[in-house]
Structure formats: structure tokens, C-alpha cells
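We're numbering straight along the sequence, starting at 1. What you see is a predicted model; the values in this text were computed from it and never measured.
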Amino acid sequence: MTLEQLAELLYRAARVRQVIPRDPSHPNSYDAIDRPYPAGGATGELEIYLSVAACEGLPTGVYRYDAAAHRLQPRRWHGAADEAAFRELLTAAWRATNCTVNPQVLLTVTSRFGRLSWKYSQIAYALTLKHVGVLYQTLYLVATAMGLAPCGLGSGDTDAAARALGLDWTSESSVGEFLIGSRPASGSGSLPQGFCDIVDTMREQG
């Protein structure tokens, strides 16, 4: 896949569309985050990190998606251990596909639990997982419309993710993984191509 495709996917599925400022007159109000997918309380606790193995126009490495500015922030490695953790993430993703897909780009979804737990208390973890499911669905719909190959994963390595992404897992931890890449030329069916035709037509019409 290309950097342009990756940028469009993230823009359409995960960007911050608007920050709605808190009401100073209300003691329990907070800045609400509006994104393309719905979320309880609009707390915006989910973040996306990218482990890039093969993307035209983007060097191999780990990046954080800055959803407010719509840009990628590279996560710099500090020695062989960081690169080894990066390889661990990609290997775990490869195994999760029954060793049939070489990952191109792995999206790791993390949760900043504090943004959610202060309001939703005991149900915060269950709620953040529901938000992950909604984000997955949005990524599936957008990626399919773009003719890309999406795949949500049902496993992951929280420890390796924390090391590769440079996170303190007690405040921000991985809660989902999602593979995205290009479709093989021999495997493109009529349905994905139909979606591509619709999107291309809409783009031409402005």
C-alpha cells in the first residue's frame, strides 16, 4: 500500500473532526472529541500507533497517529531492544493470521484509560472495548471502499506493544490490533472493485 492510501484511511476513519470545549459554568464538563466513529461520552480515549513494515513512501518503523493534526509522529528507537519489540509485534500479527499474511502495516489501538475511567468508573474497560469494535467496523468499511485489505486481529502482545511503542502500560495500553495492506492482484473480486468504482465516481463528481 502507499502512504497516500494510509493517510486517506486514517483521515476518513480516525481523525479528530472537532473538539467541543467544556462549559466552564458546569463543574463536571470536559472537552468532547468528535471523530468519524461514535463513542460513549466522546472522551476520545483511543489512540492509534502504526508498525510499518511495507508502505510505499513511508520508512519502516513505529509511528503515532496525531489525530488532531492528521500527521504521523515517528517513535525513535533507542537500541536493539526497541527494534526487537517491533519485530515481535509483526511476528505476533503474522501468527494471528495463521502464518498466511506478511504484515504491511499493523495498527495498534491503545486506550488512555484515565480519559474514560473518571466518568464511567467500573464499566470503563468494557466501554473502551466497545469503542474498539466501533473503530474496527469503521476501518473495515473505509478500507473496503478504498479497495484495501483490512483484517482485525483477535490477539496481541501487550508487553511487546508497550516496549515497541514506548508506553507506560498502566496509563495507556494496547486494546486492539488491525492489519491493513494492499490486495493481491489475483485476489481482487467484483465486490471490492465495485466499491472502488463508486468511490472513484464520487471523487470525480467532487
Side-chain angles (χ1 to χ4, degrees), residues 1-18 34-39 46-75 86-87 89-110 130-156 161 165 174-206:
M1 68 181 305
T2 67
L3 176 58
E4 290 74 18
Q5 289 174 316
L6 186 58
E8 181 175 348
L9 173 71
L10 292 173
Y11 180 82
R12 295 188 180 279
R15 77 187 188 278
V16 171
R17 297 189 296 194
Q18 182 183 10
D34 175 37
R35 299 197 184 195
Y37 57 91
L46 296 185
E47 303 284 353
I48 295 179
Y49 293 81
L50 299 85
S51 298
V52 177
C55 180
E56 183 180 330
L58 189 62
T60 297
V62 176
Y63 301 82
R64 174 183 174 271
Y65 176 52
D66 183 344
H70 185 56
R71 64 183 176 186
L72 296 179
Q73 298 174 329
R75 196 282 195 195
F86 164 74
R87 299 296 174 189
L89 282 184
L90 295 179
T91 299
W94 172 69
R95 287 176 178 155
T97 66
N98 199 28
C99 306
T100 58
V101 175
N102 290 320
Q104 296 179 31
V105 178
L106 172 66
L107 307 182
T108 300
V109 183
T110 67
K130 292 174 183 177
H131 292 166
V132 172
V134 176
L135 174 58
Y136 271 26
Q137 177 72 348
T138 306
L139 287 168
Y140 267 117
L141 291 171
V142 174
T144 302
M146 292 177 61
L148 298 175
C151 180
L153 303 181
S155 61
L165 307 179
S174 62
V175 287
E177 292 187 335
F178 195 95
L179 279 177
I180 190 71
S182 57
R183 292 182 179 274
S186 60
S188 56
S190 58
L191 183 58
Q193 185 59 47
F195 274 120
C196 291
D197 290 343
I198 293 172
V199 172
D200 290 340
T201 300
M202 292 179 66
R203 286 178 183 150
E204 291 171 1
Q205 294 174 351

Between [X] and [Y], which heavy-atom pair has the shortest distance, and what is it?
{"X": "Ala13", "Y": "Leu135", "value": "O-CD1, 4.0 Å"}
{"X": "Arg35", "Y": "Leu46", "value": "NH1-O, 3.2 Å"}
{"X": "Leu10", "Y": "His70", "value": "C-CE1, 4.4 Å"}
{"X": "Glu177", "Y": "Thr108", "value": "OE2-OG1, 4.1 Å"}
{"X": "Ala67", "Y": "Ala14", "value": "CB-O, 3.6 Å"}
{"X": "Leu153", "Y": "Ala93", "value": "CD1-CB, 3.7 Å"}

Can you tell me which residue among Leu3, Leu72, Leu58, Leu90 is in a side chain to side chain contact (heavy atoms under 4.5 Å, CB included) with Val52?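 The passing option is Leu58.
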
Mind checking the CD1-CG spacing from Ile180 to Leu50? Nearest 0.5 Å is all I need.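 Reported value, rounded in 0.5 Å steps: 10.5 Å.
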
Show me the pairs that pass side chain to side chain donor-acceptor pair (under 3.5 Å) and involve residues 46-62, at least two apart or across chains.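 Passing the test, one end in residues 46-62: Glu47-Arg64, Glu47-Arg112, Glu47-Arg115, Tyr49-Glu172.
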
Under 6.0 Å from the OH atom of Tyr11, do we count more than 12 heavy atoms belonging to anything else shown?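 Incorrect, the count does not exceed 12.
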
All salt bridge (Lys or Arg N to Asp or Glu O under 4.0 Å) counterparts of Arg95, not counting sequence neighbours: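 Arg95 satisfies salt bridge (Lys or Arg N to Asp or Glu O under 4.0 Å) with no other residue.
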
Within the side chain of Tyr37, is there an N or O that forms a donor-acceptor pair under 3.5 Å with the backbone of Gln137?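 Not confirmed, Tyr37 side chain does not pair with Gln137 backbone.
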
Donor-acceptor under 3.5 Å (Arg75 side chain, Tyr63 main chain):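 Between the backbone of Tyr63 and the side chain of Arg75 there is no qualifying donor-acceptor contact (under 3.5 Å).
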
I'd like a table of donor-acceptor pairs (distance under 3.5 Å, sequence neighbours excluded) in which one partner is a side-chain atom from residues 96-105, with atom names and distances.
{"residue": "Thr97", "atom": "OG1", "partner": "Trp94", "partner atom": "O", "Å": "2.7"}
{"residue": "Thr97", "atom": "OG1", "partner": "Thr100", "partner atom": "N", "Å": "3.4"}
{"residue": "Thr97", "atom": "OG1", "partner": "Val101", "partner atom": "N", "Å": "3.2"}
{"residue": "Thr100", "atom": "OG1", "partner": "Thr97", "partner atom": "O", "Å": "2.5"}
{"residue": "Gln104", "atom": "OE1", "partner": "Met1", "partner atom": "N", "Å": "3.0"}
{"residue": "Gln104", "atom": "OE1", "partner": "Ser182", "partner atom": "N", "Å": "3.1"}
{"residue": "Gln104", "atom": "OE1", "partner": "Ser182", "partner atom": "OG", "Å": "3.4"}
{"residue": "Gln104", "atom": "NE2", "partner": "Ser182", "partner atom": "OG", "Å": "3.3"}

